[in-house]
Amino acid sequence: MSTDISTTKEKGGRAYFSYLQKRWFPGGAAHGRWVDYAFIGAFVVAIGIGTLATEVFFTEANIKNLSRQIVSNGLISLGMLIVILTGGIDLSVGSIVALGGVLSAGMSDKVGIGPAILIALFFGAVAGLVNGVVVARFKLQPFIVTLATMGIVRGFVFVYTETPLVSKHPDFRILGASSVGPLPVTMIIMLVCFALIWFFLNRTPTGRATVAIGGNKEAVWLAGINVQRTIILAYVLSGLFSALAGTILVSRLGIAQPSLGIAYELDAIAACVIGGAILGGGGGGAIGTFCRALTLGMINNLLNLHGVQSYYQEIIKGAVILLAVLARRKER
Amino acid sequence: MMQGITKSYDGTQALRKVDFSAGSGEVHAIVGENGAGKSTLVKILTGAVQADTGQILLNGKPREIGSPLIGQRLGIRMVHQHVSLVPHLTVTENILLGDMPKRKLKWWINWPEAHCRAQKILEEIGFRGINVRKVVSRLSASQQQMVEIAKAVAVKPQVLIMDEPSAVLSQEELKRLFALIRDLKKKSVLILYISHRLDEVFEIADRVTVLKDGILMGTVRPQEIDKGSLIKMMIGRTLDEIFPHRPVRAGAEILTLKDLSLKGSFENISFSVAQGEIVGLYGLIGSGRTEVARCIFGADQPTSGDIRLNGRVVRPKSPHDALKAGIAMLTEDRIRDGLVLFLSIRDNVSLANFQLMSRLSILNRRRQNSLVRSKVQELRIRPPEIDRLVQTLSGGNQQKVVLAKWLLAQAKLLILDEPTRGVDVATKQEIYNIIKDLADSGMGILLISSEMPEILGMSDRALVMREGRLAGEFLRHEATEQNLLACAAGVIEKSRGE
């Protein structure tokens, strides 16, 4: 059949639409699905509702508050996204958040804030490395492996401290509290991370290989790419971002609970999946995940402002996830 | 039976007002190049795809086939080109899927009876030697194909559609398939047979319908037409000579195998490939040829023996190592091993060549685009848009994408495992010309194929494998169809120069 009908021949709006798609999602991460853009609409609508419904929404205080809330889930989702792209899943992120949290709080008294954060990130990456090595080298199912490490890491956290830790370091809360202009520092960190990962996924050989592995591991291996190393890297990044999220979270809350981060993996998976990632590998992108993490955070914030009970919030959040996945269901 | 069928995908017309009819008890072949619309036509018939316009008449009655389930209820069954079995279930379950015999309690499966019934179905259609208790994923490709056929035949369909059923079958198995088809014909089943292999079409078909670019070119009887004219109908021009002529100009040896063995697959394989030489490797399915290639490429590890590249012993531990040493391999099954379907042409071509197009682990977009674009133009991949997702391309163009990936790798030795499987005649010829050019430029080429004409037409030297051993070696002037077949079947053995 003659398939040489190029998109440039399409008329008006649709041509521009295709152009934008190619420009923004060059790797084919998201292509031609109206739901990808509907979410941007939903985002705008949510802002509109927020502004109309309560005066508090558009105050600087609330915007700052909102962006801080988004940061931790945003970072965890980012790590999760990389793992999901390789066709895996990382259930241990919640436990690694706690690990990062208690380590940064516990260590800051002894070695200072900077080194404490580095230690936290280091152990987060180590936990990810364990996940990655077991998954890639021994070819076990990521679901089971990270389910096991989820328990193991959580156990270590409780071994480290049974009670909530409060750092006595005077500057401990600086990271979570300071801001540049209207933007909290943590938000800037997250934006930088997203930009870096977008660049990694779209503009580096390892990043492209990561995306490709989720589609056809065998073909990528036969193309002479070190698949094991790429998969391990994905889990290391996931551990690293989770630990970073834990550090930021604890700095914001001022207290490090050993039970921190329980069930966080669910929010992260949700953000990835409604952001267009496909469980089991097969597409997804940093931009999509970012938008959805943002939207999810905003829904939370709005519900909070309206004093909706947290149980109802869970129901609404679950419904939103279902709706989003239904909307992007592939028609056959 | 089908009238004025039109179907377009995303603005591309796959079928244009196609009229098609066939009667019961007929073997009706549908031929055409890749992308001619054959698959779309039969998919409309099975209900997997709906036509934009036109109607389908079954036994004179107009029918809406809105889903594969409706198609099946109307007695239309399809044997898919890419086997659609459930890999981790037994042969029995796959054949009887959805219709397992139950004991008195409805939810209790009667296993002995189920196995018995599946066995009977296989035997009835002449496929013996398959253990019905075995899990499908542990069967060979050709056995899987036969189970697939058995599954479709088990429900006694009125219309049986076969899409390239012979691709993975050996000569012997093909004979049994043809016997089965003749048998079904007697039971007045209509068989629609899609194949690229015109020899088969001439052997089995009562009538042949030719499609080109979604347009019906005509329906003919094989007796009334010769192969050349049929090819002309398919591609719109004659193919005087599919295979390019070239003088043998072998240089120094690039690859030398010495007593290479892999336990359970092959043993004591020794041969060499020289610069600028095309060595054909022929053998029936299961003779171990692909396994030898995988060992050279580092995808499997040989248990003993030497692989020498330019005289130095190499032992690639992975395709990564092999590629670094200068060995590239186009694998047999492009969907399973060659492509990442949801990524673009650019990504797929780049996969083996990131080193060429990046610095300090960052891709140089401009260089990447220009390299990929040059290959897309050179191989005439259609449409020539490097952002195009590979899954939207036709089979021939997909194969060209895989080829582009390995051409860019600039290997010293290129292994081609069935480079033209499931590819139309015109693309085949293009691929043959590319192979010739590569050999002329000094690359050593190991061409694995189960298509006899391909081996005879392309290779400077032909090797034949049988049951894991090298059974014969023929120089170009010695190689004939009879020789190679006899050797592959174990009638004669021959070593070089004998």
Side-chain angles (χ1 to χ4, degrees), chain A residues 1-11 14 18-19 21-23 25-32 85 87 196 199-230 233 276 278 280-284 330 332, chain B residues 8-15 35-37 40 48 213-214 294 297-299 318-324 328-329 331 334-344 346-348 350-355 357-358 361-363 365 382-385 387-389 392-394 397 402 405-406 409:
Chain A
M1 72 193 90
S2 60
T3 40
D4 53 9
I5 297 179
S6 67
T7 41
T8 48
K9 283 183 198 159
E10 290 166 35
K11 291 182 198 91
R14 206 172 143 70
S18 312
Y19 166 75
Q21 274 176 21
K22 280 191 182 163
R23 186 112 198 93
F25 306 102
H31 31 265
L85 283 175
L196 283 175
F199 187 84
F200 168 73
L201 289 177
N202 288 294
R203 293 292 147 89
T204 70
T206 319
R208 291 320 288 157
T210 305
V211 177
I213 284 171
N216 192 341
K217 205 152 111 184
E218 185 75 5
V220 176
W221 182 66
L222 286 169
I225 282 168
N226 193 332
V227 170
Q228 281 191 8
R229 206 175 56 195
T230 313
L233 179 66
I278 295 160
K330 278 206 173 115
R332 282 188 57 105
Chain B
S8 45
Y9 293 110
D10 301 330
T12 308
Q13 280 212 316
L15 289 174
T40 308
D213 297 335
R294 283 179 63 93
F297 190 52
S318 67
H320 183 70
D321 289 351
L323 203 61
K324 268 202 278 189
M329 176 171 169
T331 46
R334 60 174 170 266
I335 305 294
R336 201 187 62 201
D337 301 329
L339 293 168
V340 183
L341 287 175
F342 75 91
L343 289 183
S344 61
R346 172 177 42 215
D347 279 323
N348 274 285
S350 303
L351 268 181
N353 305 295
F354 282 135
Q355 247 148 28
M357 42 184 75
S358 58
S361 284
I362 291 174
L363 279 171
R365 260 300 159 112
R382 291 283 173 272
E385 299 162 12
D387 281 318
R388 180 67 79 134
L389 301 189
T392 65
L393 302 179
S394 71
N397 282 306
V402 187
K405 174 171 73 181
W406 294 119

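Throughout, a chain's letter reflects where its sequence line sits, starting with A, and its residues are numbered from 1. If you're wondering where the values come from, they're calculated on a predicted model, not measured in any experiment.
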Side chain proximity check, A/N216 to B/L341, heavy atoms < 4.5 angstrom: no

Close side-chain approach of B/S361 to A/T204, heavy-atom, < 4.5 Å: no

Part of B/I362 lying under 4.5 Å from any heavy atom of chain A: both

Under 4.5 Å from a heavy atom of chain A, the part of B/R294 involved: side chain

State, to 0.1 Å, how close [X] and [Y] come at their nearest heavy-atom pair, and which atoms those are.
| X | Y | value |
| --- | --- | --- |
| B/S318 | A/W221 | CB-NE1, 4.4 Å |
| A/I225 | B/F354 | CD1-CE1, 3.8 Å |
| A/P205 | B/S358 | CG-OG, 3.5 Å |
| A/A223 | B/K405 | CB-NZ, 4.2 Å |
| B/H320 | A/N226 | ND1-N, 4.4 Å |
| B/L363 | A/N202 | CD1-O, 4.2 Å |

Residue A/F199 versus chain B: region with a heavy atom under 4.5 Å: side chain

Point-to-point distance, once rounded to the nearest 0.5 Å, from CG of B/N348 to CZ of A/R208: 10.0 Å

Most contacts with chain A, counted as non-hydrogen pairs under 4.5 angstrom, among B/L339, B/L323, B/V402, B/L393: B/L339

